2 protein chains.
Amino acid sequence: MHILVHMTETREHALTSEQLATFIHTNPVVVRRTIAGLRDAGIVTSARGHGGGWQLGRAPEKISLAEISAALGETLLPFSNEPESPGCLVEQAVIAALDDFRIEAERLLAEKLSRITLADLAADFRRRYELIGVTSHAV
Amino acid sequence: MHILVHMTETREHALTSEQLATFIHTNPVVVRRTIAGLRDAGIVTSARGHGGGWQLGRAPEKISLAEISAALGETLLPFSNEPESPGCLVEQAVIAALDDFRIEAERLLAEKLSRITLADLAADFRRRYELIGVTSHAV
DNA sequence: GTTTCATGTAACTTACTTAGTTACGAATCT
DNA sequence: AGATTCGTAACTAAGTAAGTTACATGAAAC
């Protein structure tokens, strides 16, 4: 998200993984590796060579957090429905009973995340930015 | 959950961590360590010495998944709101914007989990158990 | 009261996952 | 051609969780 807001703020030109890595205090390769999924989903585009780098693939109003989450392969809930003891009825019952919950919960979370766009986050940032001033903008 | 359903099915007597560990193919110490939180929350009770072991602390109808989740120290969502670059306005904006989502999502999940009780899971198990028969009940 | 059984917990080992790093090929612009 | 930047493989380091061993503590049985 941090990186994406930066990319929203500088839509006119591409940012290199080197620059993006600096923003979040990490390594260019980690950045490339992490946002590769975003590229595959069309959320960002990457260009090689001189003047290359990363840019938003479409308007930030059209990029929802649900898409970002999915593109990064994130799970919405911190538990899975993979059986660990196949054939155990207790486990099957637990998984089945929780599955209704899981499905509805994931639907709800996805629905909520799909209503928040990158533009919303960027607007929120801009508000704070103009309030506090450029000098405080560390990183 | 697996362990708790077993304990629901054998409310009359205590189960040792040894037995519980067998159910989920793990180690007695791991079991004790894991469900220590459940004991502290009163969801289960433990007794030392001869004939000791673990039992439900109260009726399974009065034990909700929300309580279990909280007692185990589980998080309901797979991301945190801890700032990693304190002072960065971008990060602050992202966290603030997501916080509304997080708070409502957690409230929703907790609400849903509080409506599912251990008795519900056990009843589901019992249905399957009677349907398929005792011979299939591996572990 | 001693023996047996079971939890409570510390300490250590092992396995796994993720982040970080180095290296280099491929693509692109000047 | 040379400089730049992504793409990706391969390796290292760090952090986390599970598994294991060991032993003290407490409780029941005899």
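The figures that follow rest on heavy atoms only: side chains count, while hydrogens, waters and symmetry mates do not. Here the structure is a predicted model, which is why all the values come from computation and not from measurement. Below, read A as the first sequence line, B as the second, and so on, with proteins coming before strands; counting in each chain starts at 1.
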- Item | For atom CG of A/Asp40 and atom C1' of D/dG7, their distance in whole Å | 11 Å
- Atom NE2 of A/His25 and atom C1' of C/dA19 are separated, to the nearest Å, by 16 Å
- Give a yes/no on whether any side-chain N or O of B/Ser17 is located under 4.0 angstrom from OP1 or OP2 of C/dA6. no
- On DNA chain C, more 5' by nearest nucleotide between B/Ala36 and A/Arg32 is B/Ala36
- Provide, to the nearest angstrom, the distance between the CG atom belonging to A/Leu15 and the C1' atom belonging to D/dC6. 14 Å
- Whole angstrom value for the distance that separates C1' of D/dC11 from CG of A/Asn27: 14 Å
- Query: Nearest-Å distance, NE2 (A/His13) to C1' (D/dT5)?
  - Reply: 16 Å
- Query: A/Thr8: what forms a side chain to side chain contact (heavy atoms under 4.5 Å, CB included) with it, not counting sequence neighbours?
  - Reply: A/Leu56, A/Pro60, A/Leu118, A/Ala122
- Ignoring hydrogens and geometry, is there a side-chain-to-backbone donor-acceptor pair from A/Thr75 to A/Pro78 under 3.5 Å? no
- Query: Taking A/Thr26 for the side chain and A/Thr22 for the main chain, is one N or O donor matched with an acceptor at less than 3.5 Å?
  - Reply: no
- Query: Side chain of A/Asp100, backbone of A/Ala97: donor and acceptor closer than 3.5 Å?
  - Reply: no
Strictly under 3.5 Å: I want the nitrogen or oxygen pairs between protein and nucleotides 11-16 of chain C, one per line.
residue	atom	partner	partner atom	Å
C/dA11	N6	B/Arg33	NH1	3.2

- Message: OP1 or OP2 of C/dT7 versus the side-chain N and O atoms of B/Arg39: is any pair under 4.0 Å?
- Response: no
- Task: Please list, chain by chain and in numerical order, all residues satisfying side chain to side chain contact (heavy atoms under 4.5 Å, CB included) with B/Arg107, sequence neighbours excluded.
- Result: B/Glu104
- Item | Residues in salt bridge (Lys or Arg N to Asp or Glu O under 4.0 Å) contact with A/Glu106, at least two apart in sequence or another chain | none
- Query: Whole Å only: how far is the CD1 atom of B/Ile24 from the C1' atom of D/dA17?
  - Reply: 14 Å
- note: B/Gln19, atom CD; C/dT7, atom P; distance rounded to Å ~ 9 Å
- For A/Arg11, salt bridge (Lys or Arg N to Asp or Glu O under 4.0 Å) partners two or more places apart: none
- Query: Between B/Glu91 (side chain) and B/Cys88 (backbone), is there a donor-acceptor pair under 3.5 Å?
  - Reply: no
- Going by atom types alone, do A/Ser114 and A/Glu111 pair a side-chain donor with an acceptor below 3.5 Å? no
- Message: Can you list, in residue-number order, the parts of residues 44-60 of chain B that come under 4.0 Å of DNA chain C, counting heavy atoms only?
- Response: B/Ser46, B/Ala47, B/Arg48, B/Gly49, B/His50, B/Gly52, B/Gly53, B/Trp54
- Whole-Å distance separating the CD atom of B/Glu18 from the P atom of C/dC5: 12 Å
